[in-house]
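Shown next, in structure tokens, is the structure this report addresses.
For this chain, numbers begin at 1 and follow the sequence in order.
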Amino acid sequence: MVKPERAYFGEKDFQQIAVIWEMTRQLELPVEIMACPILREPDGLAMSSRNVRLTGEQRQKAPLIARILKESTTFVPGKSVQEVKEYVIRTINQDPVMRVEYYEIVDGKTLESIREWSDTTEPVGCLTIFCGKVRLIDNIKYGLHSI
């Protein structure tokens, strides 16, 4: 009814954007999907309405998520996809307040898991963790400049 030319989505929920891109392609919808960069707090934590549910201690520790994801980009291409995944999961899980639900490095267009960096030109690491009882998501692009 409205027929917008563009729709804007935040990259924090990267998997949702990838599904919407594919859906608009398959359905041949005449709308351009615009991905907006993740907004972060000054300490690096991805902005989310869920952040207010974190206790003081959890909020203090939560920026570890972004730090570890960013650090993991420095391992590419020297370490394998599996080594990078293991590093992210192990390092975050070392903090007793946090528990990784999943961390997967995927093709940024298909969301299929990759085994080798050469499997895609757009690798994206998608992460979900529990910080206490609060479920947080974040992601990182392992861009061509890294590979």
> Can Glu57 and Lys61 be counted as an ion pair, charged N to O under 4.0 angstrom?
Replying inline: yes

>> Check this for me, if you would: do Glu11 and Lys141 make a salt bridge, where the nitrogen-to-carboxylate-oxygen distance has to be below 4.0 angstrom?
In response: yes

>> Any donor-acceptor pair under 3.5 Å linking the side-chain atoms of Tyr142 with those of Ser72?
In response: yes

>> Any heavy-atom pair between the side chains of Asn93 and Ile129 that's under 4.5 Å?
In response: no

> Roughly how far, to the nearest 0.5 Å, is the CG atom of Leu127 from the CD1 atom of Ile140?
Replying inline: 10.5 Å

>> To the nearest 0.5 Å, what is the distance between CE on Met98 and OG1 on Thr91?
In response: 11.0 Å

> Which pairs, with at least one residue in residues 31-53 and sequence neighbours excluded, count as a salt bridge (charged side-chain N to carboxylate O under 4.0 Å, His left out)?
Replying inline: Arg6-Glu32, Arg40-Asp138, Asp43-Arg59

Distance-minimising heavy-atom pair for [X] and [Y]:
X: Glu116; Y: Val81; value: C-CG2, 3.7 Å
X: Gly125; Y: Tyr103; value: CA-OH, 3.5 Å
X: Ala35; Y: Ile17; value: CB-CD1, 4.2 Å
X: Ile137; Y: Ala46; value: O-CB, 4.4 Å
X: Phe14; Y: Cys126; value: CD2-SG, 4.3 Å

> Can you tell me if CD on Gln60 sees more than 12 non-hydrogen neighbours from other groups inside 6.0 Å?
Replying inline: no

>> Whether the side chain of Trp117 engages the backbone of Gly78 through a donor-acceptor N/O pair (distance < 3.5 Å, no angle test) should be reported.
In response: no

> Is there a side-chain contact (heavy atoms from CB on, under 4.5 Å) between Arg115 and Asp119 once you walk through the steps?
Replying inline: CA-CA 7 Å; Arg115 298 184 75 163; Asp119 289 346; 3.8 Å; yes

